[in-house]
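Values below: every heavy atom of this structure, side chains too, minus hydrogens, waters and symmetry copies. Because the structure is predicted, anything quoted here is derived from the model rather than measured.
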Amino acid sequence: TGANRKIYVGESALSGGTFGFIGWNDASNYLYIGHSYGSAFNADIVIEHGGNVGIGGVTNPESKFHVSSSAAATNDFLIDSGITGGVQSGSIKIQYAGDNDYSLNLGWGPTIVGRAGNTSGRNFTIAMRNGGTPDTNDSSIHFETGGRNGAPGSIRMAIHDNGNVGIGTTSPDAHLDVRGSGTQEIEVLSTDGLGRLSVTGATQADLIFKDTGGGTNAKTVQHFIADDIYTIRQLTDAGGVGNTLLQLDPVNQKISGSS
């Protein structure tokens, strides 16, 4: 008993050895657990009088669990998961007042934001997916809405491991690949000024329009500018060059084309 007393475990504290200790700080009213190496006393865990816990030298924790570190390149909080049956474990779950329907789940499975267990489908999910199920060997990231009870929702966007982004597809073939049934639109809208879609290339800038329904050959039209000449021409199904429909040469003031 007495002020600022400690309980020591390990080598002799009086000889400057290595030991652990539990103590009470009278001035700030907190319990602490620490260690000493030589003559240095380190308070590793602090439990203040209100129940807040501090780790990493935090003597006045500002939340129920407060972790801090002054060292560079240090993980302040680490869950080192194991592998069972080829599946990684380890996760963090934050939920509202014991209600699983309102929770945030972080881990090797899908990261679910919203009502994770309800039947209304009001979820937003970020997950590593392969064939609709979590898969740690697939580094593609899916953004989904409407999943229920851990089942996959509707995939709204996918970022493939090669950097391609798909909207309406999980296998994007371009840096940005937009697909779907019905009318698909990409809109550039300025509410008070200029709206602009810019295509820039070091040697040539292209816009390609392709009709995939019915007919044979030359269903693709290419608009491009190269060497100051603007050209509209057809491309064949095999990727070859077809007829030049229109060519504008502002330098030589010429307009040409063929049928």
Side-chain angles (χ1 to χ4, degrees), residues 1-117 123-130 133-143 149-150 159 161:
T1 62
N4 298 319
R5 296 298 185 179
K6 299 182 182 70
I7 298 175
Y8 298 94
V9 180
E11 297 180 13
S12 173
L14 299 178
S15 62
T18 301
F19 55 90
F21 57 86
I22 301 174
W24 179 261
N25 185 297
D26 282 340
S28 299
N29 291 322
Y30 62 74
L31 176 73
Y32 57 94
I33 302 172
H35 76 284
S36 178
Y37 183 81
S39 59
F41 284 77
N42 303 285
D44 301 317
I45 302 175
V46 165
I47 305 174
E48 56 94 44
H49 59 88
N52 290 352
V53 177
I55 294 179
V58 178
T59 58
N60 187 26
E62 299 175 4
S63 60
K64 292 297 183 183
F65 189 59
H66 186 165
V67 181
S68 179
S69 174
S70 60
T74 297
N75 294 314
D76 291 334
F77 188 73
L78 172 65
I79 296 178
D80 192 355
S81 66
I83 299 178
T84 302
V87 178
Q88 285 88 341
S89 61
S91 63
I92 300 173
K93 183 174 184 178
I94 303 171
Q95 67 182 32
Y96 170 70
D99 187 349
N100 184 61
D101 281 356
Y102 295 87
S103 62
L104 169 63
N105 299 271
L106 305 173
W108 281 103
T111 296
I112 302 174
V113 181
R115 303 189 66 181
N123 297 331
F124 172 65
T125 304
I126 303 173
M128 299 174 71
R129 297 286 195 190
N130 183 15
T133 58
D135 190 292
T136 57
N137 296 319
D138 183 1
S139 55
S140 299
I141 302 174
H142 292 185
F143 295 81
N149 300 311
I159 303 177
D161 53 5

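Counting all heavy atoms, side chain and backbone alike, P61 lies closest to E48 at CG-CG, 3.6 Å. The minimum heavy-atom distance linking A27 with N25 is given by the pair N-OD1, 3.0 Å. In plain terms, the two heavy atoms of E62 and N52 that are nearest each other are C-ND2, 3.9 Å. Closest of all the heavy-atom pairs between S68 and V58 is CB-CG2, 3.5 Å. F21 and Y32 make their closest contact through CE1-CE1, 3.3 Å (heavy atoms, listed as atom of the first residue, atom of the second, distance).
Here the side chains of I22 and I33 are in contact, with some heavy-atom distance below 4.5 Å. Between F143 and I159 the shortest side-chain heavy-atom distance falls below 4.5 Å.
Note: I55 CD1 to I47 CD1 = 9.5 Å, rounded to the nearest 0.5 Å.
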